[in-house]
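Working notes for the structure below.
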Amino acid sequence: MRLDVTLLVFSLFCCTAASCVHGQPAATSAKDIASPSTATPSGNPPQSRGEVYVESHAPKVDPAGWKFGNRRAPDDRVDAKKKPFDIEAYYKIKRISSPRWSPDGKTVLFTAVVQDLEKGKSDVDIYRVNADGSGLRQLTRFEGGDSTPRWAPDGRSFMFVSSRKDGSQIWVMPIDGGEPRQITNISTGVDQPTWSPDGKKIAFASRVFPAFGADDEKNKQLLDDIKESPIQAHLADSLLYRHWTFYNDGTRSHILVVDVESGDTVDVTPGDWESPVFAFGNPGFAFSPDSSEICFVSNRDDPDAQSWTTNADLYVVPASGGDTVNLTSDNPAYDGHPSYSPDGRFIAFFRQTQEGYEADKFNLSLYDRKSGDVTVLTEGFEDTIYDYIWSSDAGTILFKAPRKGRFPLFTIDIASGKIERVAHIPTVRNFHLSSRGDIAFTYNSVSDPVELFTTPLIGGEVTRVTEMNRSIVTEYDLRPVEEMWVTGAGGKKVHVFVVKPHGFVKGKKYPLVINVHGGPQYQWSDSFRGGWQIFPGAGYVTAFPNPHGSTGYGQEYTEGISKDWGGKVYRDVMAVTDALADLDYVDEDRMGAMGWSYGGYMMAWLLGHTDRFKAIASMMGIYDLAAFYNGTEELWFPEWDVGGNPWDDPETYRKWSPSTYAKEFKTPTLIITGEKDYRIPYTQSLQMFTALRRQGVPARLIVFPNDGHWPNRVKSMPLYYAAHLDWFHRYLGGGKSPYDIEKMIRGRAFGEDEN
């Protein structure tokens, strides 16, 4: 998968297996082998529908003019009187997400996360609110995680996932209040819970031992035996034996279906396969409208090949278990994110066509359940697609896509294929469409913490239905963002967001920090991020560019990074650096750079190719490409993006490897990594630290032993921010870290005893 996809939130493999609290019934299997009701593939080649989307014909949406935006002049003296935004302020922000309309389209469920900086804890609770903002009510109050709210089809209750008892389990609660009822008690946990449309069953994913399937007693016994064994080891006979932060150790993700009343549970995807495959929070399966069938995503290639192929196919299976049918075997690339049309005629899904290329454009496609034909809807749309939802009449699909540093919404008419931008919303994070045609969405910007909004899909007024972070906006100076375009590699324009520091005064020069994003196929956007307020709050100009490889500027621009890792992106970053250095408020003698994942790679590349920066910070970065290839799990990524493998093409790996240029390293560097990062093994950071210190270059290494590619937001990220402030203060002269780094690690940064 992509090296860093930061808008994303996922609950990694807390999953699987099931038995119900009521009576602990034994797992069941289908008595009669049933067949899916979807037609088998016709064998006809996919057809394309619709016209080319022309952005210049689209309605203009000015984010600066949107009435809910907190846009001001960067030297507004009122802002200077507010408190500078800092780490403590960041952890006061409530993170709102997961809006879900009620079946009648009148009420929205959503979640809000409250964080405790000093205790390193966070609570997730579920709220309800009416479409007009009235009736806001907190429904759960558990000190832990209550997440993934999903309305029951009758609208009288809702399901959610909670860790309040027996690990990650499904609970159901009346919408008007009362005690929640535990539905599952599964030793392997629950992920992606989904109601059947008739409300009688719930399907969910869980990591089970294939031999045991839904037999939780056997799964639990084996898990206990492994845990209690004096011999602790991981065993592998094929590749992709570990992924992101966990070892497979013989388990597979399966779809289990539990009867809500009886608790009877069946494994509908038995076998030694990942079904559904891991897809960064994208739905891995869906029920048909009549509740009789499930469409799911699976890769059933050779076990070793699954580490170098991006192939995944859509399968259908009866919801009670039975025969499966592969709907997309003709496509050697990715097919996933299925969703049935409300009338049952189509299955919508994402399709890629470039085998082995994870950042290939996602096209929204339809599988006709009557004919078995495939139609591609968005070939005329130049950017990839991130999420979508059907309208209740099955005539329209609403989707989200990256566009020039934002995530607007678009509609596509199923009959004609015509695509139009939703004209009155500049950008969204999460969204959901009601049966009445209203959108509930979360919005934020660089200077606006996230809140929940509602609006009609077609025209109408936007209503802000929450103001949970209003006090933060009132008390602290949340700095406005500005935008500029810089001519980069090949004459292409590079989009750059710039945030000026707290107390900004014209004529004064400030230190600068440039932040290069990961992915690498992703985009920095006009969205609220801790560093983009914490660093300006400490006196830094903060800039975040979208160089070649970024999404949102056309697929050709996205593809410009592949097999050219240190080429166009490096030239883009240096062109941006030159342009920023020429600004009258930037001190060109106090410029630093930072980056995460591929951004961390670019920091290592900068170390070997320029002395322009006075300080660098690399997080979860790649240092030696050959070693990275041999230690990572998803081999398709380097094989496509770098090109081949290091034994067939050692020169390419040597050319683009920062380690090749280690002799040139001179810039003081902060390095941060996680021991459970299997995407970019933490040894990459250890090697870079060794190369720096062995040559006498100032460097600091921080290793999070319990974290993977993304450090824990409340346990580890406070140190991440403090360490950056400390490092940049040393070499760029901005504000100090509010906390002593060693004391934070030793548990003595907060409270009375700080010795």
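Predicted model, so just to flag it, every value in this text is computed and none were measured.
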task: Could you tell me whether the side chain of Asp216 and the main chain of Ser187 form a donor-acceptor pair under 3.5 Å?
output: yes

- request: Mark yes or no for whether Gln169, through its side chain, and Asp166, through its backbone, hold a donor-acceptor pair below 3.5 Å.
  value: yes

Set of ring pair (Phe, Tyr, Trp, His ring centres under 6.0 Å) partners for Phe431, sequence neighbours left out: none

Electrostatic pair Asp176-Arg128, nearest N-O below 4.0 angstrom: yes

- prompt: Is there a side-chain contact between Val257 and Ile202, using heavy atoms and a 4.5 Å cut-off?
  reply: no

task: Please step through side chain to side chain contact (heavy atoms under 4.5 Å, CB included) for the pair Ser288 and Ser37, ending with a clear verdict.
output: CA-CA 10 Å; Ser288 61; Ser37 54; 5.7 Å; no

- prompt: Under 4.5 Å between any side-chain heavy atoms of Ser339 and Trp390, yes or no?
  reply: yes

query: Between Tyr315 and Arg300, is there a cation-pi geometry (under 6.0 Å to ring centre, at most 45° from the normal)?
result: yes

field: Ser275/Thr269 under side-chain hydrogen bond (donor to acceptor under 3.5 Å, both in side chains): CA gap, chis, key distance, verdict
entry: CA-CA 6 Å; Ser275 305; Thr269 58; 4.7 Å; no

Val297 side chain near Leu314 side chain, heavy-atom distance below 4.5 Å: yes

- prompt: Which is it for Lys400 and Val428 under the side chain to side chain contact (heavy atoms under 4.5 Å, CB included) test, yes or no, and what are the steps along the way?
  reply: CA-CA 8 Å; Lys400 167 184 168 182; Val428 304; 4.0 Å; yes

- request: Report yes or no: does Ser98 contribute a side-chain atom to a donor-acceptor pair with the main-chain N or O of Thr111 at less than 3.5 Å?
  value: no

- prompt: Which heavy atom of His337 sits nearest a heavy atom of Pro283, and at what distance?
  reply: CE1-CD, 3.3 Å

query: Which word best sums up how the rings of His243 and Phe246 line up, parallel for under 30°, tilted for 30 to 60°, or perpendicular for over 60°?
result: tilted

- request: Mind listing the closest non-hydrogen atom pair of Lys361 and Glu379 along with its distance?
  value: NZ-O, 3.5 Å

- prompt: Counting only N and O atoms by type, is there a donor-acceptor contact under 3.5 Å from the side chain of Asp125 to the main-chain atoms of Ala112?
  reply: no

message: Show, in sequence, the C-alpha distance, side-chain angles and deciding distance for Thr107 and Trp151, and conclude whether the side chain to side chain contact (heavy atoms under 4.5 Å, CB included) test is met.
response: CA-CA 10 Å; Thr107 308; Trp151 289 89; 4.1 Å; yes

field: Side-chain heavy atoms of Thr309 within contact of Asn299, under 4.5 Å
entry: yes

- prompt: Relative to Phe453, does Arg464 satisfy both conditions: NZ or CZ under 6.0 angstrom from the six-membered ring centre, and within 45 degrees of the ring's axis?
  reply: no

field: Phe441 and Tyr443 aromatic centres sub-6.0 Å
entry: no

query: Taking all atoms of both residues into account, what is the closest heavy-atom pair of Pro36 and Glu293, and its distance?
result: CB-OE1, 3.3 Å

message: Under 3.5 Å, is there a donor on one side chain and an acceptor on the other for Asp438 and Thr454?
response: no

- prompt: Is it true that a side-chain atom of Arg369 and a backbone atom of Gly344 form a donor plus acceptor pair closer than 3.5 Å?
  reply: yes

field: Distance (rounded to the nearest 0.5 Å) between Asn248 CG and Leu240 CG
entry: 6.5 Å

field: Side chains of Ile439 and His432 in contact at under 4.5 Å (non-hydrogen atoms)
entry: no

query: What residues, two or more places apart in sequence or in another chain, satisfy side-chain contact (heavy atoms from CB on, under 4.5 Å) together with Arg345?
result: Ser341, Asp343, Asp368, Lys370

message: I need the minimum non-hydrogen distance between Pro276 and Phe285, along with the two atoms involved.
response: CG-CD2, 4.2 Å

Distance-only side-chain donor-acceptor flag, Glu451 / Thr466, under 3.5 Å: yes

task: In sequence, state the C-alpha distance, the side-chain angles, and the governing distance for Val325 and Thr38, and then conclude on side chain to side chain contact (heavy atoms under 4.5 Å, CB included).
output: CA-CA 9 Å; Val325 175; Thr38 297; over 6 Å; no

- prompt: Among Tyr388, Phe362, Phe399, which one satisfies ring pair (Phe, Tyr, Trp, His ring centres under 6.0 Å) with Phe381?
  reply: Phe399

message: Could you report the tightest heavy-atom contact between Asp360 and Thr353, atom names first, then the distance?
response: OD2-N, 2.9 Å

- request: Could you tell me which non-hydrogen atom of Ala152 sits nearest to which non-hydrogen atom of Pro103, and how far apart they are?
  value: O-CG, 3.6 Å

query: Are Arg164 and Trp171 in a cation-pi contact, defined as NZ or CZ under 6.0 Å from the six-membered ring centre and within 45° of the axis?
result: yes

- prompt: Do Asn363 and Ser365 get their side chains close enough for a donor-acceptor pair, meaning under 3.5 Å?
  reply: no

task: Mark yes or no for whether Asp123, through its side chain, and Gly144, through its backbone, hold a donor-acceptor pair below 3.5 Å.
output: yes

task: Any chance you could measure Ile412, atom CD1, to Glu420, atom CD, to the nearest 0.5 Å?
output: 10.5 Å

query: Would you find a donor on one side and an acceptor on the other, under 3.5 Å apart, between the side chain of Gln138 and the backbone of Thr140?
result: yes

task: State whether the side chain of Asn331 and the backbone N or O of Gln352 hold a donor-acceptor pair below 3.5 Å, judged by distance alone.
output: yes

side-chain hydrogen bond (donor to acceptor under 3.5 Å, both in side chains) between Gln221 and Asp225, intermediate numbers included: CA-CA 6 Å; Gln221 184 59 61; Asp225 289 347; 2.9 Å; yes

- prompt: With ring centroids as reference points, do Tyr386 and Phe407 lie under 6.0 angstrom apart?
  reply: yes

- request: Compute the ring centroids of Tyr678 and Tyr247, then answer whether they are less than 6.0 Å apart.
  value: yes

message: I'd like to know if Glu179 and Arg181 make a salt bridge, using a cut-off of under 4.0 Å between side-chain N and carboxylate O.
response: no

query: Given the rule in the side-chain hydrogen bond (donor to acceptor under 3.5 Å, both in side chains) test, do Ser527 and Asn444 qualify, once you have shown the distances and angles that lead to the verdict?
result: CA-CA 5 Å; Ser527 58; Asn444 69 1; 4.8 Å; no

- request: Look at Lys200 together with Glu261 and state whether they make a salt bridge at an N to O cut-off of under 4.0 Å.
  value: no

task: Indicate yes or no for a side-chain donor-acceptor contact from Trp636 to the backbone of Glu358 under 3.5 Å, with no hydrogens or angles considered.
output: no

- prompt: Does Lys106 offer a backbone N or O that forms a donor-acceptor pair with the side chain of Ser102 under 3.5 Å?
  reply: yes

message: For Trp195, does the six-membered ring have the charged nitrogen or CZ of Arg150 within the cation-pi criterion, i.e. under 6.0 angstrom from the centroid and within 45° of the normal?
response: no

message: Is it the case that the side chains of Ser42 and Asp373 hold a donor-acceptor pair, with the cut-off being a distance below 3.5 Å and no angle test?
response: yes

task: Any chance you could measure Ile255, atom CD1, to Asp191, atom CG, to the nearest 0.5 Å?
output: 11.0 Å

- prompt: Are any non-hydrogen side-chain atoms of Phe410 and Leu398 less than 4.5 angstrom apart?
  reply: no

task: Under the salt bridge (Lys or Arg N to Asp or Glu O under 4.0 Å) rule, what do Arg351 and Asp330 come out as? Steps first, then yes or no, please.
output: CA-CA 12 Å; Arg351 165 163 284 198; Asp330 62 315; 3.8 Å; yes

message: Counting C-beta onward and ignoring hydrogens, is there a side-chain heavy-atom pair between Tyr340 and Phe346 closer than 4.5 Å?
response: no

- prompt: With side chains defined as the heavy atoms from C-beta onward, is the minimum distance between Pro318 and Ser292 less than 4.5 Å?
  reply: no

query: So, Lys201 and Asp259, do they make that salt bridge, N to O below 4.0 Å?
result: no

